Student: 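The structure's right below; bear with me while I get my questions together.
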Amino acid sequence: MMASSYNAKEDGHVTVPGGGTIQNKKPDNTAFKQQRLPAWQPILTAGTVLPAFFVIGLIFIPIGIGLYVTSNNIKEFEIDYTGTDMSSPCFNCSQSFSWNSTRPCTCALPFSLEQPFESNVFMYYGLSNFYQNHRRYVKSRDDSQLNGDTTSLMNPSKECEPYARNEKMPIAPCGAIANSMFNDTLDLYYIDPNGTRIQIPLMKKGIAWWTDKHVKFRNPGGNPNLTSAFQGTTKPINWRKPVYELDTDAENNGFINEDFIVWMRTAALPTFRKLYRIIQKKNNMTPTLPRGNYTLEVTYNYPVRSFEGRKRVILSTISWMGGKNPFLGIAYITVGSVCFFLGVVLLIIHHKYGSRNNTADIPN
Amino acid sequence: MYSLERPVQGRSSCSKDRLGRKRRTVVSSLTEDEELTEILKSYSSNKVTTTKYSFLSFIPKNLFEQLHRFANIYFIFLAALNFVPVVNAFQPEISIIPILLVLAVTAVKDLWEDYRKHKSDKFINGLVCEIYSRKQQMYVDQRWQDVHVGDFVRLSCNEIIPADMLLLYSSDPHGVCYIETANLDGETNLKQRQVVRDLPRQGSELTPENFHSRIECENPNNDLSRFRGFMEYPSKARVGLHNNNLLLRSCTIRNTETVIGIVVYAGHETKAMKNNNGPRYKRSKLERRLNVDVLWSVVLLVIMCLTAAIGHGLWLRNLKDTSFLIPDTTSPALSGFYLFWTMIIVLQVLIPISLYVSIEIVKLCQIFFIQNDVDFYNEYMDSRIQCRALNITEDLGQIQYVFSDKTGTLTENKMVFRRCTIAGVEYPHEENGEKSKYIFFLHNTTFSIREHGGATRRQASSRTATSAFVQGGAGGALPEPCKMTSSRPQMCMCLLKRSETDSMRLNCLSSPLFLLRDASMELTYIVDFFMALAICNTVVVSSPNQPRHVSRTPLKSLEDIKMLFQRFGLPRFSTLSSPHTTESPRSFTRRLFSRGKAASFTPRLDGVPGEDGDQGGLENSNGGEGPPSEPRADELIYEAESPDEAALVHAARAYRCTLQGRSLERLLVELPGMGSLAVRLLHILPFDSSRKRMSVVVRHPLTNQVVVYTKGADSVIMDLAESPKGAEQSDGRQGHIREQTQKHLDNYAREGLRTLCIAKKVQTSTEYEIWLKRHAFAETSIENREELLLESAQRLETNLTLLGATGIVDRLQEEVPETIEALQRAGVKVWVLTGDKQETAINIACACKLLRTTDQLLTANCDSKEACKALLLELRAEVERGEAAEGTSGFTLVVDGRTLDFALQEDLKGDFLELSRRCRAVVCCRSTPLQKSHVVQLVRDQLRVMTLAIGDGANDVSMIQVADVGIGISGQEGMQAVMSSDFAISRFKHLRKLLLVHGHWCYTRLANMILYFFYKNVMYVNLLFWYQFFCGFSGSVMTNSWVLIFFNLLFTSAPPLLYGILDKDVSADTLIKLPELYKSGQNSKAYLPSTFWLTMLDALYQSLVCFFIPYFAYAGSDADMLSFGSPINASALLIILLHQVIESRTLTWLHVLVLVGSALFYFSFTLVFSVVCVTCSPPTNPLGVDKLQMSQPLFYGVCALTTVLALLPRYTHQQYISPSDTLKAALMDQLNPDNYCRRMQHWNQTQAQSKARGLIINVEDLDIKIPDFILPKELKECRAATGSVLS
């Protein structure tokens, strides 16, 4: 940069008084310095563009069909239990809202499955118009506290404000995310043809990511006795019970409660679902969820009507590429077709107009 | 060698004398006077520090300097903003990263540079020289940094001068010292410096104790060629000081054993340091364009942030009781306002601040490649191209007007004496280069003088031929006219080749011999003429036997040797001597001459040339040792300031009128038949551009008269020689000579020769005395000395007697016509601005194909403004008529200097420009340096075009500085042009590759890289923007903040750099062969506003695809924020990298390495991060996210679809929408050699045809066969190309 006017002579040329040793200033004749590096020139001629279009078309259309079929094979059932409608069984529960009401309000929603769900069924709860991705909401947590750090347990990060302390007591877990944890209880009953209600066993473990459960979330102090481990902290304001009473199973209690972990992974979009339970396939003989009538019993705790949210329960099987979503398949097919179509059109154009050029133009 | 000086930055000029005086007083530092010692102490010492920082001040000072840059302030503002809790978007430490990175990189760069400077400073300050010490009464070694003003410094041969000093003593008997100023201006020829005049002789060496004079001189300034002051002796006598007395710092002493000087300026006050301004900074056109688009980015950023802010406000207002949100009492409007700033932080990347750093890096690399181009290497000079301006490489690709000097630029500036006219008789000098044969006919006497001296084998062989010819001539077989002449007592010189006897005959016939009634008169003219050629110059003579870089030869002993040789003489040739006296080289050169001290010089009074005079002296033993063997005249080396001078001196030598030596006070000239004569040199009135002439005042050795020899431009001399005083007879004769000479001059000019007139004037001693008095006054005055000297010179140079004129040919440089043709095909208008005569200029213009036979020549010469205006309008009408008519391929305007003066005036310049705009080429002749720069400025400012000025001499400096791109040619005329240029090349032909290839590449590369940067940033930032619509405009990001920051800084920064450095859209060969491709750069095709917005649209589209395909794929699913962001980020990276692959025209292994490396870096970084980072980066903790995502097929499905769909339009567009000329040429590059050749022909034909028709070529035209229009040259070139490829 600052090569001064005198420095031009600096490189190479050394004049020794008397004799004079002169280094040759001739630049090296190397491919790099002369910018003659062998290069591939990706100029898009008809010769390279057209095959590419066809290849893309030929690859994408089958993938798209595959994806579409896969998605279509997924069984999914969705039921809204927000209770905004007068006719809805949960209407009453939704009207009487209070985070701290001690009397649980339950409602039962009957539904029927037209087709049996053969493989493992994943039970989700879905929320709409719930901005779990709001910047200030997302921030409002303390990862160190959740990781079992005792210092952070007693001194929650200020990011958790105003849910860091309640009456001078540190909140565990602190922050808005934890505070607003989904707390409806959902139970599923199969009404068998003769009218008996059979409760379907729901797996509450294995719904969280392995890394979350085993690495990111840890109970403080390594103390098996959670009550003493959380000594000196208080429950989040909206919670009904402290964190160490989330479950009776020690492996699923405290910060490593999987419902809690799932909730803490903030959803990307305002309409989302979160895995609630897994219904495992018992054996190969009977489907996991046979065709027939069911009842969903909801312990309605979670208020959403204030912000016009919706609550749903989704029962779904999953495939290798996730849940039911026909979009990707259709998109693949569309893009593949467009490419193919473009290829054909360009081939025609090229054939019609390009042939004239071909004599002296682009050989191809 | 270490460079001696470095630029000083930020150092306040010390020129303001502390005492507020206009002058500086210097006395010997040995003085006892307290007051004077104080004054000396107030001057700066010789220690130079060019470093900006010291060890302690580095961090604060560097930080402070960096904070002056806008880009850094922006970064800091963002970082600071992030510390405000209500608006912060990321963790504070993350937002510091960009600014820290930028500051650190710059600081390291600055530190390194400063360290290099420090090292060289230390080296220079530590150099040792000899300073006189009062204590030890002798010269002692001291470091340079301890040299002070007033110190006496003794230097030996080949030592470098430590400070500006006044030369007080030189071991040379004539008080002369030679210095080489290569360190200062690159000129390697020796310059003569002389001891202060009339300094009392102090025996063998100067004794500092006895020096009590006071020196008054100017305050330090940067004018290398000027030094004014006087020295006051204790006796109050004053003597003027010139530049000639000053030894400049960093020059080297040559050819002189010892010099002693007193330091007048030291350290930073020396002229060398004052001249050191460092590299030049210009702002390129592309950067100006770029800044506009950066402003657009700012607008875009503000719009996006406003949208988000308003959206957030509205969203908040519509939101009812939100159980999940943090209870907040801030009003929606205020929240919106806060959010605006948050968004500025989030979307900061949109402003491509890193672009500026990248551009700097790319340009440095481009410079590297230009400097390393082997095609710019000049074998003879061992020089490559010098890039002095570092940041206007891309301007080379956009040049629309080239302004070229003629001499030395288009031509070799290797002057060859071609013909001369003496006293109205023309003598051709047919082949000068050989200088091997010539014949004298003198007074019925024929004798031949053979070339001797460094007789090479070739010369030896030709010698025999010559003698044979001479024999024949003497034997009566002389050509007819010569016989005729030989019957008269006169002298005729014909230098001829045998093969050209006919032309000789013609020339001899044409001589109006009848006029030369008085033979002695004629002889006098001829002798005078050659005498003038030999001495009217400032040529320094040296000989190879006495190497220029003498290693400490003890000169004193040399003197002693000289003393040994008493005058001895040989029978001298005289007009009366016997015929057929063939002087052997030995006898010729073994001439005695006066040794030269004024005291020992005895002027000859008789003026009879033939007599063996008493003048005598010592053999000038050039060898410096050994017996007085003949100094071989032909081995004399002339070092002239201008090549014209050298040519004239060489020409004079060819006619045995040899300049053998030069000292301050006398010249040693060898005349034919008269031997060596010492000519006492009284004055030199050096050349200057306003007088356009130079003179020497000598005491003629033969007549002892004071004679003024003047040499100068014909127009000037002809005017001055107008009214010759003298006898009436002589008057008529002069008139005739003038008439004839003018005729010959016109002929010369038509042949494209450079003409100079030679005149003389004999002064009577009284006239001279009067003049001398006033001249002495002028010399000693400090104020207005230039003016006074000029006036004094003009007083002397009047009433001249015209002797004759010379015609010097200046050969065109190689490949000049091809280069000019290529430039014109490239749409560059070439103007030639020259100081030469109109005829010469037109001739050269024809020779270099600037002017074609089909062109219509418009000449504009007028004497008044009104006439000029009328002429301009008339010419314009003519051009308009011509444009309508078929047949003419273009117009060439020729303007002379006077007309140009009128045309450049305010009210006519519009007309002039309008006219010249329509002409294909313009030749401005007889133009002054100032006019040159005015023309360039006018065209640049009024037409708003990119201009390039190219020149080699000091007279081109102003033009070079004014133009957008200044190119200096390092040639014969010193280095001033080079020092003021942006690029310095050694030949004009290099311009072709520099512009057509490097210019094109640099421009397209940089333009494409800039567009790519904008694209990249807009594309990526928009992803974040779209997300705002789904997070309540809350400023959330779906990416880990580290990845977000690094995305621009690390993952996608290297590929565009490589793209900007190495991309080649068309091969160098094709670019050279198809100059039309250059037009794309001229019209800024690669970077138009439309291209910018198209790129922006593409970026918008790609970001939409890149966001919404993942959006729909994950809508309603249980994906969390980072899982949603992961495929978006990954596909954005792939799109951005593949986009570059599509845009790139060449992919080398380096590209592959960098592209794959970037992708791998991204994926490995995110993967490792998602494993390692347990609680880090709080709001966006990536633990497990990418690991999980990359194990799912959906991730890859989304990425593949997104990437393909996003790139589809660009991919299709590249080929099928309007393929440009450039693209077509690029396609040609891929053809096999045969097809390539065919296509090249087609192209050239189509271009030629379309030009003829004035049509725009289109693709389909390429195939139309045009019979009878094959350009044979291109065909040949094509064959050659094919051959080379095939072999």
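Naming convention: chains lettered A, B, ... in sequence-line order (proteins, then strands); numbering from 1 in each chain. Being a predicted model, the structure only gives us computed values, none of them experimental.
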Student: I'd like to verify something: which residue of A:Lys274, A:Met321, A:Lys216 has the highest number of heavy-atom pairs under 4.5 Å with chain B?
Tutor: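 Answer, by heavy-atom pair count under 4.5 Å with chain B: A:Lys216.
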Student: Counting heavy-atom pairs under 4.5 Å to chain B, which of A:Asn133, A:Asp143, A:Asp28 comes out on top?
Tutor: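 Looking at each of A:Asn133, A:Asp143, A:Asp28 in turn, A:Asn133 comes out on top.
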Student: Anything under 30° is parallel, anything over 60° is perpendicular, the rest tilted; go ahead and classify B:Phe1124 against B:Tyr1111.
Tutor: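 Because their plane-to-plane angle is over 60°, the rings of B:Phe1124 and B:Tyr1111 count as perpendicular.
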Student: Is there a donor-acceptor pair closer than 3.5 Å between any side-chain N or O of A:Asn325 and the backbone N or O of B:Gly1116?
Tutor: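 Between the backbone of B:Gly1116 and the side chain of A:Asn325 there is no qualifying donor-acceptor contact (under 3.5 Å).
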Student: Within the distance-only criterion (no hydrogens, no angle test), does the side chain of B:Ser1034 pair as donor or acceptor with the backbone N or O of B:Cys1031 below 3.5 angstrom?
Tutor: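 Between the backbone of B:Cys1031 and the side chain of B:Ser1034 there is a qualifying donor-acceptor contact (under 3.5 Å).
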Student: Measuring heavy-atom distances to chain B, does A:Glu159 have an atom under 4.5 Å in its side chain, in its backbone, in both, or in neither?
Tutor: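 When you check distances to chain B, no heavy atom of A:Glu159 falls under 4.5 Å.
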Student: Output yes when A:Arg273 and A:Glu76 qualify as a salt bridge under the 4.0 Å nitrogen-oxygen rule, no when they do not.
Tutor: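 Looking at A:Arg273 and A:Glu76, the cut-off is met.
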Student: In terms of ring plane angle, is the pair B:His998 and B:Trp1001 parallel, tilted or perpendicular, where the classes change at 30° and 60°?
Tutor: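 B:His998 vs B:Trp1001 ring planes: perpendicular.
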Student: Is the side chain of A:Arg218 donor-acceptor paired with the backbone N or O of A:Leu146 at a distance under 3.5 Å, no angle test?
Tutor: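 No.
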Student: Could you look at A:Gln35 and say if it's the side chain, the backbone, both or neither that has a heavy atom under 4.5 Å from chain B?
Tutor: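 Backbone plus side chain of A:Gln35, per the 4.5 Å heavy-atom cut-off to chain B.
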Student: In terms of heavy-atom proximity below 4.5 Å to chain B, should A:Val335 be classed as side chain, backbone, both, or neither?
Tutor: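 Side chain of A:Val335 only, per the 4.5 Å heavy-atom cut-off to chain B.
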Student: At a 4.5 Å cut-off on heavy atoms, which part of B:Val1204 comes close to chain A: side chain, backbone, both, or neither?
Tutor: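 B:Val1204 touches chain A through side-chain heavy atoms alone.
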Student: Could you tell me which portion of A:Leu37 (side chain, backbone, both or neither) has an atom closer than 4.5 angstrom to a non-hydrogen atom of chain B?
Tutor: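 The answer is both parts of A:Leu37.
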Student: Answer with side chain, backbone, both or neither: which region of B:Glu379 has an atom nearer than 4.5 Å to a non-hydrogen atom of chain A?
Tutor: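 Interface part for B:Glu379: side chain.
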Student: Taking atom types as modelled and ignoring hydrogens, do the side chains of A:Asn147 and A:Ser144 form a donor-acceptor contact shorter than 3.5 angstrom?
Tutor: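 Per modelled atom types, A:Asn147 and A:Ser144 side chains form no pair under 3.5 Å.
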Student: Taking NZ, NE, NH1 and NH2 as the nitrogens, is one of them in B:Arg1145 or B:Asp1065 under 4.0 Å from a carboxylate oxygen of the other?
Tutor: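 A salt bridge is absent here (no side-chain N lies under 4.0 Å from a carboxylate O).
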Student: Below 4.5 Å from any heavy atom of chain B, which atoms of A:Tyr332 appear? Answer side chain, backbone, both or neither.
Tutor: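 Backbone plus side chain of A:Tyr332, per the 4.5 Å heavy-atom cut-off to chain B.
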Student: For the residue pair A:Phe182 and A:Tyr125, does the interplanar ring angle fall in the parallel (under 30°), tilted (30 to 60°) or perpendicular (over 60°) class?
Tutor: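 Rings of A:Phe182 and A:Tyr125: parallel, as their planes differ by under 30°.
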Student: For the interface with chain A, which of B:Leu1201, B:Thr1148, B:Ile367 has the highest count of heavy-atom pairs at distances below 4.5 Å?
Tutor: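 Result: the option with the highest number of such pairs is B:Leu1201.
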Student: Chain A heavy atoms under 4.5 Å from B:Leu1122: which part of the residue, side chain, backbone, both or neither?
Tutor: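 Nothing of B:Leu1122, per the 4.5 Å heavy-atom cut-off to chain A.
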Student: Give the member of A:Thr211, A:Leu269, A:Thr271 that has the highest number of heavy-atom pairs under 4.5 Å with chain B.
Tutor: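 Max contact count across the listed options: A:Leu269.
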Student: Give, as side chain, backbone, both or neither, the part of B:Leu1188 having an atom under 4.5 angstrom from any heavy atom of chain A.
Tutor: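 Only the side chain of B:Leu1188 comes within 4.5 Å of chain A.
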Student: Looking at chain A, which one of B:Thr342, B:Asp375, B:Val1198 has the largest number of heavy-atom pairs inside 4.5 Å, strictly under?
Tutor: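 Greatest number of close heavy-atom pairs with chain A: B:Thr342.
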Student: Let me know if A:Thr266 has heavy atoms under 4.5 Å from chain B in its side chain, its backbone, both or neither.
Tutor: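 The answer is both parts of A:Thr266.
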Student: Which one of B:Pro85, B:Gly1032, B:Ala1113, B:Ala1068 has the most heavy-atom pairs closer than 4.5 Å to chain A?
Tutor: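 Of B:Pro85, B:Gly1032, B:Ala1113, B:Ala1068, B:Ala1113 has the most heavy-atom pairs under 4.5 Å with chain A.
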Student: List in chain and number order the residues that pass side-chain contact (heavy atoms from CB on, under 4.5 Å) with B:Phe368, two or more places apart in sequence or in another chain; answer none if no residue qualifies.
Tutor: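 Applying side-chain contact (heavy atoms from CB on, under 4.5 Å) to B:Phe368 gives A:Phe32, A:Lys33, B:Asn372.
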Student: What residue, out of B:Tyr1027, B:Phe1033, B:Phe376, has the most heavy-atom pairs lying under 4.5 Å from chain A?
Tutor: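 Max contact count across the listed options: B:Tyr1027.
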Student: Is A:Val338 in contact with chain B via its backbone, its side chain, both, or neither, using a 4.5 Å heavy-atom distance?
Tutor: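 For A:Val338, the contact with chain B is made by the side chain alone.
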Student: Is it the backbone or the side chain of B:Ser1067 that comes under 4.5 Å from a heavy atom of chain A, or both, or neither?
Tutor: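 Looking at B:Ser1067, nothing touches chain A.
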Student: Hey, are A:Ser180 and A:Tyr137 close enough side-chain-wise for a donor-acceptor pair under 3.5 Å?
Tutor: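 Present: a donor and an acceptor within the cut-off.
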Student: Tell me which one of A:Tyr276, A:Phe217, A:Phe130 satisfies ring-ring contact (aromatic ring centres under 6.0 Å, His included) with A:Trp263.
Tutor: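 Checked A:Tyr276, A:Phe217, A:Phe130 against A:Trp263; only one passes ring-ring contact (aromatic ring centres under 6.0 Å, His included): A:Phe130.
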Student: Side chain, backbone, both or neither: which part of A:Trp209 has a heavy atom under 4.5 Å from chain B?
Tutor: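 When you check distances to chain B, only side chain atoms of A:Trp209 fall under 4.5 Å.
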Student: Which atoms of A:Pro38 are under 4.5 Å from chain B, going by heavy atoms: the side chain, the backbone, both sets, or neither?
Tutor: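 Contact with chain B is through the backbone of A:Pro38 alone.
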Student: Checking A:Arg36 against A:Asn29: is there a side-chain donor and acceptor pair closer than 3.5 Å?
Tutor: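 Short answer, yes.
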Student: List for me each residue that meets salt bridge (charged side-chain N to carboxylate O under 4.0 Å, His left out) alongside A:Lys213, sequence neighbours excluded, and say none if there are none.
Tutor: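 By the salt bridge (charged side-chain N to carboxylate O under 4.0 Å, His left out) rule, A:Lys213 matches A:Glu258.
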Student: Could you look at A:Phe327 and say if it's the side chain, the backbone, both or neither that has a heavy atom under 4.5 Å from chain B?
Tutor: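 Just its side chain gets close to chain B.
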Student: Heavy-atom cut-off 4.5 Å, strictly under: side chain, backbone, both or neither for B:Val1185 against chain A?
Tutor: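 Both parts, backbone and side chain.
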